[in-house]
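The block underneath contains the structure these notes are about, expressed in structure tokens.
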Amino acid sequence: MLSKAIVVSVLAMLVGGFDAFGMGRGSSVFAIQIGQGQADLANPVVGAANYSTVDTGDPSSQIELGGQYWYLLRDDYALSLSAAAGFFSEKDVAGNNPPANSPDHKYSSTGFKLRVGGDRVGRVGERLVVFAGPGVEYWAGHAKYENVFGTTPPSSNVTGPTTTRLGVSARIGGFIMISPAVSLAGQVGNVWGYATAKDKGAKVTWWPSSFEAAGGFGFHFGGK
């Protein structure tokens, strides 16, 4: 009897009492986050080249700014929707006695992603709510190169092909409650996908995998 009572008490601690956190059935959370994302990019077809290839020589990480929304269908399960825009920028200045009027080399990338998924939700202690679950993600982005492939038009300013990536993701995260209505919200996860890019008739496809993470503030609304 004692062991059963202990099990029941632990389960009550894990899944009960969400109303005090604004995390009960019918409630919702909106989070504003900054994070790390992955840009899967392809090289442009420049000059006499015939192929576009996966760009493995340039940085692929991006800083992402985004929003995420959870709606609790039950006390322990939530529908999640998220969107984020990502960017990266690099500038290379010539040195070591360069030729006169040597131009700066500039590289940048931008991207945008949408995700929909479902999270199992549970309470740990007095101020921590954890979540974990799978999702489906769509990402699209491209890169720009200035004076990288040449210093005269059209090679001086080149826009790379747009990559589209459809993937599945899994992540785990949590809310650290600051107050009943505000929390620190963050998660880490991984994405496995299929990417495609086309440029001037050339096409490249590949199967990328990447780590993602984000954190910010969550704002809690409603409840039972």
Side-chain angles (χ1 to χ4, degrees), residues 28-44 52 54-71 78-92 104-119 131-146 148 157-176 182-199 204-221:
S28 59
V29 185
F30 177 72
I32 299 174
Q33 297 178 309
I34 183 170
Q36 170 190 331
Q38 174 80 11
D40 290 307
L41 303 170
N43 290 308
S52 175
V54 177
D55 188 350
T56 59
D58 295 305
S60 59
S61 64
Q62 289 187 331
I63 296 174
E64 292 185 336
L65 300 175
Q68 188 161 187
Y69 176 78
W70 291 264
Y71 179 78
L79 174 69
S80 62
L81 304 170
S82 64
F87 66 93
F88 176 89
S89 180
E90 175 186 347
K91 179 180 179 180
D92 304 323
D104 296 339
H105 291 184
K106 297 180 181 179
Y107 166 80
S108 64
S109 68
T110 55
F112 179 80
K113 71 180 182 182
L114 297 170
R115 183 186 185 277
V116 58
D119 289 323
F131 61 86
V136 178
E137 182 180 290
Y138 171 84
W139 181 90
H142 65 271
K144 291 185 177 181
Y145 310 82
E146 184 175 337
V148 174
N157 289 281
V158 176
T159 298
T162 296
T163 298
T164 57
R165 183 187 72 211
L166 183 63
V168 294
S169 70
R171 53 52 170 313
I172 184 170
F175 304 101
I176 299 176
V182 181
S183 67
L184 297 176
Q187 72 275 342
V188 295
N190 209 83
V191 178
W192 301 267
Y194 178 74
T196 303
K198 298 179 180 180
D199 191 26
V204 55
T205 60
W206 67 107
W207 295 86
S209 173
S210 60
F211 172 82
E212 296 182 331
F217 291 96
F219 303 92
H220 300 245
F221 305 93

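In what follows, every heavy atom counts, from backbone to side chain, and hydrogens, waters and symmetry copies are set aside.
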Let me confirm one number: the [atom1]-[atom2] distance from [X] to [Y], rounded to the nearest 0.5 Å.
{"X": "Asp40", "Y": "Thr56", "atom1": "CG", "atom2": "OG1", "value": "11.5 Å"}
{"X": "Leu166", "Y": "Leu114", "atom1": "CG", "atom2": "CG", "value": "11.0 Å"}
{"X": "Ser80", "Y": "Gln187", "atom1": "OG", "atom2": "CD", "value": "9.0 Å"}
{"X": "Asp104", "Y": "Glu90", "atom1": "CG", "atom2": "CD", "value": "11.5 Å"}
{"X": "Leu65", "Y": "Ile32", "atom1": "CG", "atom2": "CD1", "value": "10.5 Å"}
{"X": "Phe219", "Y": "Ser183", "atom1": "CZ", "atom2": "OG", "value": "8.5 Å"}

Report yes if the side chains of [X] and [Y] come closer than 4.5 Å at any heavy-atom pair, otherwise no.
{"X": "Lys113", "Y": "Glu212", "result": "yes"}
{"X": "Pro161", "Y": "Pro44", "result": "yes"}
{"X": "Asp58", "Y": "Tyr145", "result": "yes"}
{"X": "Asn190", "Y": "Ser209", "result": "yes"}
{"X": "Leu79", "Y": "Trp70", "result": "no"}

_Students often mix this up, so state it plainly: with edges at 30° and 60°, are the rings of His220 and Phe175 parallel, tilted or perpendicular?_
perpendicular

*According to the interplanar angle, ranging from 0 to 90°, do the rings of Tyr69 and Tyr71 count as parallel (below 30°), tilted (30 to 60°) or perpendicular (above 60°)?*
parallel

Ignoring hydrogens and angles, write down the donor-acceptor pairs under 3.5 Å from the side chains of residues 133-144, residues two or more places apart or on other chains.
from, atom 1, to, atom 2, distance (Å)
Glu137, OE2, Arg165, NH2, 2.9

Identify the two heavy atoms, one from [X] and one from [Y], that lie closest to each other, and give their separation to 0.1 Å.
{"X": "Glu64", "Y": "Gly86", "value": "CG-CA, 3.9 Å"}
{"X": "Thr163", "Y": "Leu41", "value": "OG1-CA, 3.8 Å"}
{"X": "Ala185", "Y": "Gln33", "value": "O-NE2, 3.1 Å"}

Mind listing the side-chain donor-acceptor pairs of residues 105-112 below 3.5 Å, one per line with the distance, residues two or more places apart or on another chain?
from, atom 1, to, atom 2, distance (Å)
His105, NE2, Asn147, O, 3.2
Tyr107, OH, Pro59, O, 3.4
Ser109, OG, Gln62, NE2, 3.0

*Return yes when atom CZ of Phe217 has more than 12 non-hydrogen atoms of other residues, nucleotides or ligands closer than 6.0 Å, and no otherwise.*
no

*For Ile176, does the CD1 atom sit with more than 12 other heavy atoms under 6.0 Å from it, leaving out its own atoms?*
no

